Amino acid sequence: MADENVVLLEEDNGIFTITFNRPEKRNAMNPAMHQQMHKLLSDLRYNERVRVLIITGAGESFCAGQDLKEYFYLLADESTKELRERSREQSNQWRSHMLRLFPAPTIAMVNGYCFGGAFSVITSCDIVVAAEDATFGLSEINFKTAPLGLVSRDISEKMPQRQAMYYALMGEPFSGKRAAEIGLATMAVPKEQLKAEVRRIAEALREKDPIALKVTKDVLKISQRMDYEEAYAYSMALAGDLTYKQDGAWMKSGIGEFIEGKSRPGLNEKDTH
Ligand code: ACO
């Protein structure tokens, strides 16, 4: 398959879907894919039509990690130094910075294989929905290396340490069901329900206030590494920012509807009377 189509983008009324599109290579990430993901996310982050971003893989695989041939083996030579450095930088930037801090909610729809560097894709997404029979694996140890780049950092944060260590040392594959049990995935569903479940979540998110969603993401992700005083100060600064950017909508129409008896926010219900 030609390198120009290794990533596909679809838009459906604010719900954008990126599909890794190298099914014949199990969607392994080659330099062309890193370049296109980097460009796509640079553009999408300023596109206000994007209310939710879904990432998935074409065919039976989500992503088989870095392309062992095109990303590692063929770039090992001194003559490919520039492409190697560029690809590493792009690979790191789009997964661990641009995707991790993407302004709109992101959902990884894990439809099949998810190995090695693909863990940094899913840990950077806000929500991970896996097919129960998807196959996850920190396979690096099986070819005499380790989860390097930011994978080790990402799994230490998003997996319980005992499980991260076990799977990284053993290189043993595990299912989507297991990924949900240990908290790596938000949930696992039977494969035939995967698209519908992701769609349900995406549509629900599309209904929420986009500024409040962005603040929710920022406050959860960024205050995590602050001490108590810093976290409070940051949170209050965001509260002011939220009010300013949405012109006080949370107070006016948000709480206003509750006061008027038109909503029960605790149950996510409207027009209750
Ligand atoms: N890099 C490069 N090519 C890959 C990769 C990969 N990560 N994964 C699969 N492919 C290619 C195969 O080379 C093969 O190509 P070919 O048809 O030209 O020979 C094609 O995809 C299909 O692969 P098969 O092994 O034939 O397919 P199968 O469904 O039997 O197995 C599996 C798929 C389990 C993904 C296997 O290919 C595999 O173990 N791949 C390596 C996965 C891995 O360890 N990823 C971590 C990479 S390291 C990192 O991300 C930091």
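All ligand and atom numbering here is 1-based and tracks the order in the structure. Since the structure is predicted, the reported quantities are computational estimates derived from the model, not experimental observations.
Within the 4.0 Å cut-off (strictly below), a protein heavy atom is located near atom 7 (N) of ligand 1. Within a 4.0 Å radius of atom 36 (C) of ligand 1, the protein contributes no non-hydrogen atoms. Contact annotation for atom 19 (O) of ligand 1: protein absent (non-hydrogen atoms, distance under 4.0 Å). Within the 4.0 Å cut-off (strictly below), a protein heavy atom is located near atom 47 (C) of ligand 1. Inside a 4.0 Å radius of atom 39 (O) of ligand 1 there is not any protein heavy atom.
Put simply, the side chain of L99 reaches to within 4.5 Å of the side chain of V121, judged on heavy atoms. Taking the side chain as every heavy atom from C-beta outward, K177 and M187 never approach each other to under 4.5 Å.
Residue contacts with ligand 1: E70 is excluded, as none of its non-hydrogen atoms falls under 4.0 Å. Residue F143 places a heavy atom under 4.0 Å from ligand 1.
Counting only heavy atoms of the protein, atom 13 (O) of ligand 1 lies nearest to K25 NZ, 4.8 Å. Of the protein's non-hydrogen atoms, A64 O, 3.6 Å is the one closest to atom 42 (C) of ligand 1. Taking atom 32 (C) of ligand 1 as the reference point, the nearest protein heavy-atom neighbour is Y113 CE1, 4.2 Å. Looking from atom 30 (O) of ligand 1 to the surrounding protein, the closest heavy atom is R26 NH2, 4.7 Å. Nearest protein heavy-atom neighbour of atom 14 (C) of ligand 1: E24 O, 4.4 Å. Among all non-hydrogen protein atoms, the one lying nearest atom 44 (O) of ligand 1 is S139 OG, 2.6 Å. In this structure, atom 41 (C) of ligand 1 lies nearest to the protein heavy atom L68 CD1, 4.2 Å. Here the protein heavy atom with the shortest distance to atom 5 (C) of ligand 1 is A28 CB, 3.9 Å.
Distance OG/S235 to CD1/I222: 12.0 Å, rounded to 0.5 Å. Distance check: L53 CG to N47 CG gives 10.5 Å after rounding to the nearest 0.5 Å. Note that CD of E269 is 4.5 Å distant from CZ of R264, once rounded to the nearest 0.5 Å. Taken to the nearest 0.5 Å, the CG atom of L74 stands 6.5 Å off from the CD atom of E70.
Salt bridge status for D126 with K221: present, with a side-chain N to carboxylate O gap under 4.0 Å. For E89 and R86, the salt-bridge test fails: no basic side-chain N is under 4.0 Å from an acidic carboxylate O. Salt bridge annotation for R22-D67: present, with a cationic side-chain nitrogen under 4.0 angstrom from a carboxylate oxygen.
Taking every heavy atom of G117 and a limit of under 4.0 angstrom, the matching atoms of ligand 1 come to 49 (C), 50 (O), 51 (C). Each of the following atoms of ligand 1 lies closer than 4.0 Å to a heavy atom of G65: 50 (O). Distances below 4.0 Å separate heavy atoms of Q66 from the following atoms of ligand 1: 1 (N), 6 (C), 7 (N), 47 (C), 49 (C), 50 (O), 51 (C). Against a heavy-atom cut-off of under 4.0 Å, F115 is close to the following atoms of ligand 1: 34 (C), 35 (C), 42 (C), 43 (C), 45 (N), 46 (C). Atom numbering of ligand 1 starts at 1 in the shown order; those under 4.0 Å from a heavy atom of E140 are 51 (C).
Of the residues I201, T17, L194, the one that meets the side chain to side chain contact (heavy atoms under 4.5 Å, CB included) test with M109 is L194.
T19 and N21 share no donor-acceptor pair across their side chains, judged by distance under 3.5 Å alone.
F136 and G176 get closest at one heavy-atom pair: CE1-CA, 3.5 Å.
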### Query
E132 and K191: salt bridge (Lys or Arg N to Asp or Glu O under 4.0 Å), yes or no, with the steps?
CA-CA 6 Å; E132 284 175 350; K191 191 169 207 160; over 6 Å; no

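Counting heavy atoms under 4.0 Å from ligand 1, residue M29 does not touch it at all.
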